[in-house]
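Working notes, structure below.
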Amino acid sequence: MRINRNTVLVGSKVVLVPYRLVVRHLHPFNPFTVERYHEWMKDSEIQQMTASEPLSLEEEYEMQRSWQVDEDKLTFIVFARKENEISPPAVPESAEEALEGSQMIGDVNIFFNKAGEEEEEEGQGASTEEPSLSERLDAECEVMIAEATYRRKGLARQALEVLIQYVTDDPTPSPSVQPDSACSEDEEVPSPPIGRRQALLPIPSDWLTCKISLANKASINLFTSLGFEKSKVSEVWKEVEMRRRAGGVQRDIKAVLYWKSQPETGR
């Protein structure tokens, strides 16, 4: 989504950076290539737990390009902040400072769909009409910690907490310092295709949903602890659908920062 294209969210343990910014600008701080993400998604355990099919490298690049303009996808790469002896850690003044010494470990996303879209597809066929901004949407959450050494440290939980706070807080958290002419606001970004729906923030908490493999007990427990309740179980797809009904999240956004543009590197 373009709404978060230059927004960096900082928690006490994690930093969330838009996928597009990681690919285009972060090489001086955390060398990243689409090839690295591609290697993650080759892992059979990750494929099973995320219900994903392996893509070719070219398909991975095409996905990255499409995420720049798709207004129904809110995507962030998750970085683990450098551990230090400061508790709580200092609030960074820039994205560069927040990412200093950090490690790219996974991603966290929300995919927006017209509410009940799947039921329509299974019944009489999905509507081809785009929903208006006033229509209810399902906001499907996903989180992946791809680096095994960073699992079971509370990082997936905090990534979700930060993302949920970002999309549900009213007003939407925004940088205290507005971009100037040096920021990437002047960067040319493709406009979304005509008719592409745009999900405006904030959204109601009960729009948030998730789909989890029945075998992924740890993720089911994680989302349950964040106020999600089981709403449907599919024995065919061997997954459970959950919706957020109640409960708060730890308010752990420490800073919301703009990323200033730098010369592009890489592909």
Side-chain angles (χ1 to χ4, degrees), residues 1-22 25-26 29 67-68 70-81 86 88-100 102 104-112 133 137-143 154-180 182-185 187 189 198-210 222-223 225-228 244 246-261:
M1 296 176 72
R2 292 187 297 172
I3 193 172
N4 76 313
R5 67 189 182 95
N6 293 97
T7 302
V8 176
L9 304 176
V10 182
S12 60
K13 298 178 181 178
V14 300
V15 182
L16 307 188
V17 182
Y19 186 95
R20 168 181 162 275
L21 286 181
V22 177
H25 297 308
L26 287 192
F29 305 97
W67 283 9
Q68 295 184 45
D70 281 358
E71 289 298 313
D72 52 7
K73 297 180 178 67
L74 186 66
T75 61
F76 289 94
I77 296 294
V78 180
F79 288 80
R81 293 185 68 181
I86 301 175
V91 176
E93 296 184 358
S94 68
E96 294 92 335
E97 181 184 343
L99 288 164
E100 183 178 356
S102 66
M104 189 184 80
I105 61 172
D107 66 1
V108 63
N109 313 301
I110 290 182
F111 302 106
F112 293 90
L133 294 179
L137 300 178
D138 284 338
E140 183 180 341
C141 305
E142 294 183 354
V143 64
L155 301 179
R157 180 185 184 86
Q158 187 176 104
L160 284 167
E161 288 175 333
V162 167
L163 184 58
I164 290 172
Q165 182 184 345
Y166 177 64
V167 300
T168 60
D169 267 11
D170 189 3
T172 301
S174 61
S176 57
V177 178
Q178 297 300 311
D180 54 29
C183 295
S184 53
E185 288 296 308
E187 233 178 89
V189 176
Q198 298 188 37
L200 299 182
L201 303 182
I203 63 172
S205 182
D206 64 359
W207 281 16
L208 296 167
T209 68
C210 65
L222 170 60
F223 278 88
S225 71
L226 292 172
F228 288 73
R244 193 158 188 267
V249 296
Q250 182 70 31
R251 307 186 64 78
D252 202 33
I253 292 182
K254 304 302 182 186
V256 182
L257 306 167
Y258 271 111
W259 181 268
K260 293 188 177 184
S261 64

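The model shown is predicted, which means the values in this text are computed figures rather than measured ones.
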Check your understanding: Quick one: does Leu155's side chain get under 4.5 Å of Ile105's, heavy atoms only?
Key -> yes

Check your understanding: When rounded to the nearest 0.5 angstrom, what distance separates SG in Cys141 from CH2 in Trp207?
Key -> 13.0 Å

Review point. Below 4.5 Å, heavy atoms only, C-beta onward: do Leu208 and Phe228 meet side chain to side chain?
Key: yes

Review point. Shortest non-hydrogen contact from Val15 to Ala98?
Key: CG2-O, 3.7 Å

Review point. Can you list the steps and then say if Phe79 with Val17 is a side chain to side chain contact (heavy atoms under 4.5 Å, CB included)?
Key: CA-CA 8 Å; Phe79 288 80; Val17 182; 3.9 Å; yes

Check your understanding: For the atom pair CG (Asp138) and SG (Cys210), what is the distance rounded to the nearest 0.5 Å?
Key -> 11.5 Å

Check your understanding: Checking side chain to side chain contact (heavy atoms under 4.5 Å, CB included) against Leu16, which of Ile77, Leu9, Val8 comes through?
Key -> Leu9

Review point. Do Glu142 and Phe111 come close enough that some side-chain heavy atom pair is under 4.5 Å?
Key: yes

Check your understanding: Distance from Leu226 atom CG to Ile164 atom CD1, nearest 0.5 Å?
Key -> 5.0 Å

Check your understanding: Can you tell me how far CD1 of Ile253 sits from CD of Gln165, rounded to the nearest 0.5 angstrom?
Key -> 4.0 Å

Point to revise | Heavy-atom closest pair, residues Leu222 and Ala156 | key: CD2-CB, 4.1 Å

Point to revise | Residue pair Ala159 / Val78: nearest heavy atoms and the distance that separates them | key: CB-CG2, 4.1 Å

Exercise for review: Could you go through the side chain to side chain contact (heavy atoms under 4.5 Å, CB included) check for Arg157 and Ser225 one step at a time?
Suggested key: CA-CA 9 Å; Arg157 180 185 184 86; Ser225 71; 2.5 Å; yes

Exercise for review: Identify, with sequence neighbours excluded, every residue that meets ring-ring contact (aromatic ring centres under 6.0 Å, His included) alongside Phe76.
Suggested key: none

Check your understanding: Taking C-beta and beyond as the side chain, do Val143 and Leu163 meet within less than 4.5 Å on heavy atoms?
Key -> no

Practice item. Please report the closest heavy-atom contact between Ile110 and Ala139, naming both atoms and the distance. Key: CG2-CB, 3.6 Å

Review point. Can you list the residues that meet the side chain to side chain contact (heavy atoms under 4.5 Å, CB included) rule with Glu97, with sequence neighbours excluded?
Key: Pro92, Glu93, Ser94

Point to revise | Heavy-atom check, side chain of Tyr166 versus side chain of Pro202, under 4.5 Å | key: no

Check your understanding: Is there a side-chain contact between Leu74 and Val167 (heavy atoms, below 4.5 Å)?
Key -> yes

Check your understanding: Is it the case that Arg244 and Ser205 place a side-chain donor and acceptor less than 3.5 Å from each other?
Key -> yes

Exercise for review: Might you work through the side chain to side chain contact (heavy atoms under 4.5 Å, CB included) test for Asp170 and Thr172, ending with a clear yes or no?
Suggested key: CA-CA 5 Å; Asp170 189 3; Thr172 301; over 6 Å; no

**Study point:** Shortest non-hydrogen contact from Gln158 toward Ser12
**Key:** NE2-OG, 2.9 Å

